[in-house]
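Read through the structure below, which is laid out as structure tokens, and then see the notes.
Whatever order the structure lists ligands and atoms in, that order sets their numbers, starting from 1. Note that this is a predicted model, so its numbers are computed, not measured.
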Amino acid sequence: MTLLDTASTTSNDSGIPLGGPSLPQVRRLVTSIPGPKSQALLARKSSAVAAGVGTTIPVFTVAAGGGVIVDADGNSLIDLGSGIAVTGVGNSNPRVVAAVTAQLAQFTHTCFTVAPYDSYVEVAEALNRLTPGDHEKRSALFTSGAEAVENAVKIARHYTGKQAVVAFDHAYHGRTNLTMALTAKNMPYKSGFGPFAPEVYRAPLSYPYRDGGLDGVTAAKNAITMIEKQIGAANLAAMIIEPIQGEGGFIVPAEGFLPTLLAWAQANNVVFIADEVQTGFARTGAMFASDHEGIVPDLIVTAKGIAGGLPLSAVTGRAEIMDSSHAGGLGGTYGGNPLACVAALATIESYEEDNLVQRAADIGTLLTGRLNALRVNDPRIGDVRGRGALIAIELVDPATGEPDAALTNRVAAFAHAAGVLVLTCGTYGNVIRFLPPLSISDELLIEGIGVIAEALAAG
Ligand code: PLZ
């Protein structure tokens, strides 16, 4: 059983293909996008689903696996988004399907804080082993990324007895009340949804493409000065940062930025929280993005890629910090649901046994090579950046360097119409990001980038 097993296609009783790696790995359009069935479903969505819940591509999924998504009309699209960096091991990964199917027949829920089960403990052990640093660690499991971020902040406040929290420019940490406060971008995440949680402060980031290439240590010192002058270390419980910013535009900070912040935090009894919700689990060509700079965060928040598509998140960190909260202080009905836990164990097994860290690194080499080749002849591609299978292009007006969100939207719309699912991001809405499942073939990746090239040529 491999990630790209091309066994014959199977389908369910209604003739709808089953997902997983046996789906034909092709881009194939049999209708325009959206086709008639998706159009009918979109009309039903408008009358049944709240308008605030948007969608990136106007088609409805019926099956997915390997590197494709099949829609209700039978179109097979190249998946360059992984459901926002979730299905690293591929949709309906056979290991995950087998583990979840077996668990479904045993029990579906008891609530770990009521009647515990071993898979939760095993996930905690795996996280303690895999996350950076070989010190004594503990983990706690939750359901969404935002919920885990909230818990990391709770734990840091309880441990330090302090209240203030620093987040950074361009940060994204979620949509709940505290995480909206931590998130930087107003539209669409925050506008009209306040008031926001207090004691959240924002520090400047290192953004090499837009800060004149300021070196990482200087950029960190600027942030530290702001923190010392405006908040004071004596009031600061935690500093939270994505080692590579995700929604903010796949911004890789200059070398030295993260280690300088971490050293300052540790010298000042400030808990350093790495939000690896988007960057974690092989995605960047290392098990965690923190590994690229050798930093060992006090707490690390994970979700998305952890469980092959089932909802699970975690906070992992130093035992003395994690154990400081009283029993009953952390929890939640669904945190560490048994289906999600066995999915995580199967997913982690796939990352390790299918060599997906190396696969992500190879995808990065392929993507950056092709995108940099496009950039040579196209000055609208201002920057190509990222690590591993987390790569982006920032589109600009070549004359002024100003962000070009309109071009970005046109490129994404062209790609969607041509059967390539690609996501945008960035504070200025001018970044196209590539987050393919690590189960995608090189052929599909190359074809997908070819469509992006056509989209750019079409302007
Ligand atoms: N931290 C770094 O990337 C989720 C959000 C998409 P949840 N990013 C995708 C959207 O429009 O809602 C994310 C993240 C980082 C936290 C989160 C939040 O994770 O599982 O969406 O709550």
Open item on the list: For ligand 1, which is the ligand I care about here, please tell me if Gln278 has any N or O atom under 3.5 Å from one of the ligand's N or O atoms.
Closed with: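 In this structure, Gln278 places an N or O atom under 3.5 Å from an N or O of ligand 1.
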TODO: Give yes if a backbone or side-chain nitrogen or oxygen of Arg175 is under 3.5 Å from a nitrogen or oxygen of ligand 1, and no if not.
DONE: yes
What residue and heavy atom of the protein are closest to [atom], and at what distance?
| atom | value |
| --- | --- |
| atom 6 (C) of ligand 1 | Ile84 CD1, 3.6 Å |
| atom 9 (C) of ligand 1 | Lys304 NZ, 3.0 Å |
| atom 1 (N) of ligand 1 | Asp275 OD2, 2.7 Å |
| atom 19 (O) of ligand 1 | Gly145 CA, 3.3 Å |
| atom 16 (C) of ligand 1 | His173 O, 3.4 Å |
| atom 18 (C) of ligand 1 | Ala146 N, 3.6 Å |

I'd like to check [X] versus [Y] (side-chain heavy atoms, cut-off strictly below 4.5 Å). Are they in contact?
| X | Y | value |
| --- | --- | --- |
| Glu276 | Ser290 | yes |
| Thr183 | Glu247 | no |
| Asp354 | Glu349 | no |
| Phe250 | Gln278 | yes |

Open item on the list: Closer than 4.0 Å to some heavy atom of Ser144 - which atoms of ligand 1 meet that?
Closed with: 20 (O), 22 (O)
Task: Proximal ligand 1 atoms for Glu242, defined as those under 4.0 Å from one of its heavy atoms - done: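 Near Glu242, the atoms of ligand 1 are 2 (C).
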Task: Six-ring centre of Phe281, Lys304 cation under 6.0 angstrom, axis tolerance 45° - done: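 Because its charged atom misses either the 6.0 Å distance or the 45° angle limit, Lys304 does not stack over Phe281.
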Task: Chi angles and distances behind the side-chain contact (heavy atoms from CB on, under 4.5 Å) call for Ile295, Leu261 - done: CA-CA 10 Å; Ile295 58 163; Leu261 290 177; over 6 Å; no
TODO: Verify ring pair (Phe, Tyr, Trp, His ring centres under 6.0 Å) between Tyr189 and Tyr172, making sure each step is shown before the conclusion.
DONE: CA-CA 9 Å; Tyr189 306 124; Tyr172 183 92; 4.8 Å; yes
Open item on the list: If we set the cut-off at 4.0 Å for heavy atoms, which region of Glu247 has an atom near ligand 1: side chain, backbone, both, or neither?
Closed with: side chain
Open item on the list: To the nearest 0.5 Å, what is the distance between OH on Tyr209 and CD on Glu394?
Closed with: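 Output value for this atom pair is 5.5 Å.
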